[in-house]
Participant: 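To start, I am sharing the structure in question, which I have written as structure tokens.
Throughout, residue positions are numbered sequentially from 1 according to the sequence presented.
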Amino acid sequence: QVQLVESGGGSVQAGGSLRLSCVASGYTYSRYCMFWFRQAPGKKREEVAGIYSGGGITSYADSVKGRFTISQDNAKNTLYLQMNSLKPEDTAMYYCATSPVCTVVNGIVEPIGPNWGQGTQVTVSS
């Protein structure tokens, strides 16, 4: 059974940094596509970043390009999201997701039938 456990969220001031981690278990980690999504109150869940190791592809939402970096450590079955220059509008619950199959549409890696973690809260104050 796929399990994803996020950590690293917290409260920071605008301009600060956080690194989110997601430890995965229950499947062959290196063969899956991995993602970070976020959902702010009253808004739809949106993809922040995705990584498709098989194709050497990473993708980012326009709103976080140049500030966030997605990476993974296959030896530790862990996905990361380094978030720099945080803004109040980055405030949201952040979710890790994985799927055995993904697509690339207009350069964006998208999951098919993802599994989700429980989320970690990120709050950025001005």
Participant: Once side chain to side chain contact (heavy atoms under 4.5 Å, CB included) is applied, do any residues pair with Thr69, and if so which ones, sequence neighbours excluded?
Facilitator: Tyr60, Gln82

Participant: Look at the side chain of Ser63 and the backbone N and O of Ala61, then say whether any donor-acceptor pair between them is shorter than 3.5 Å.
Facilitator: no

Participant: Do Thr78 and Gln72 come within less than 4.5 Å of each other through their side chains, counting heavy atoms only?
Facilitator: no

Participant: So do Asp90 and Met83 actually touch side chain to side chain, heavy atoms under 4.5 Å?
Facilitator: no

Participant: With rounding to the nearest 0.5 Å, note down the distance linking CE in Met34 to CG in Leu4.
Facilitator: 5.5 Å

Participant: Kindly indicate whether the side chain of Tyr95, heavy atoms from C-beta on, has any atom under 4.5 Å from the side chain of Val48.
Facilitator: no

Participant: Strictly by side-chain hydrogen bond (donor to acceptor under 3.5 Å, both in side chains), give each pair with a member in residues 96-117 just once, sequence neighbours left out.
Facilitator: Tyr27-Thr98

Participant: Using every non-hydrogen atom in the two residues, find where Phe35 and Cys102 come nearest and quote the distance to one decimal.
Facilitator: CZ-CB, 4.0 Å

Participant: Mind listing the closest non-hydrogen atom pair of Arg67 and Ser85 along with its distance?
Facilitator: NH1-O, 2.9 Å

Participant: For the atom pair OG1 (Thr58) and CZ (Phe68), what is the distance rounded to the nearest 0.5 Å?
Facilitator: 14.5 Å

Participant: For the atom pair CH2 (Trp36) and OG1 (Thr120), what is the distance rounded to the nearest 0.5 Å?
Facilitator: 7.5 Å

Participant: With clusters defined by side-chain heavy atoms of hydrophobic residues (ILVMFWY) lying less than 4.5 Å apart, directly or transitively, does Ile108 cluster with Tyr32?
Facilitator: no

Participant: So which heavy atom on Cys33 is nearest to which on Tyr52, and how close?
Facilitator: SG-CD1, 3.8 Å

Participant: Does Arg19 make a cation-pi contact with Tyr80, if we ask for NZ or CZ under 6.0 Å from the ring centre and within 45° of the axis?
Facilitator: yes

Participant: If hydrophobic clusters are built by linking Ile, Leu, Val, Met, Phe, Trp and Tyr wherever their side-chain heavy atoms come under 4.5 Å apart, do Tyr94 and Phe37 end up in the same one?
Facilitator: no

Participant: For Gln121, which residues count as a side chain to side chain contact (heavy atoms under 4.5 Å, CB included) partner, sequence neighbours excluded?
Facilitator: Thr91, Met93, Thr123

Participant: Does this structure show an ion pair linking Asp62 with Lys65, if we count only N-O contacts that are shorter than 4.0 Å?
Facilitator: yes

Participant: Should side-chain heavy atoms under 4.5 Å link Ile, Leu, Val, Met, Phe, Trp and Tyr, which residues sit in the same cluster as Val101?
Facilitator: Ile112

Participant: Judged by atom type as modelled, is there a donor-acceptor pair below 3.5 Å linking the side chain of Ser59 to the main-chain atoms of Val109?
Facilitator: yes

Participant: Find the distance between NZ (Lys44) and CZ (Arg38) and round it off to the nearest 0.5 Å.
Facilitator: 14.5 Å

Participant: Return the minimal non-hydrogen interatomic distance between Asn84 and Ser17, and the atom names on each side.
Facilitator: OD1-OG, 2.9 Å

Participant: Counting C-beta onward and ignoring hydrogens, is there a side-chain heavy-atom pair between Ile57 and Val104 closer than 4.5 Å?
Facilitator: yes

Participant: With sequence neighbours excluded, give me every side-chain hydrogen bond (donor to acceptor under 3.5 Å, both in side chains) pair touching residues 5-14.
Facilitator: Glu6-Gln118

Participant: Considering residues at least two apart in sequence or located in another chain, which fulfil the side chain to side chain contact (heavy atoms under 4.5 Å, CB included) criterion with Pro88?
Facilitator: Ala14, Val124, Ser126

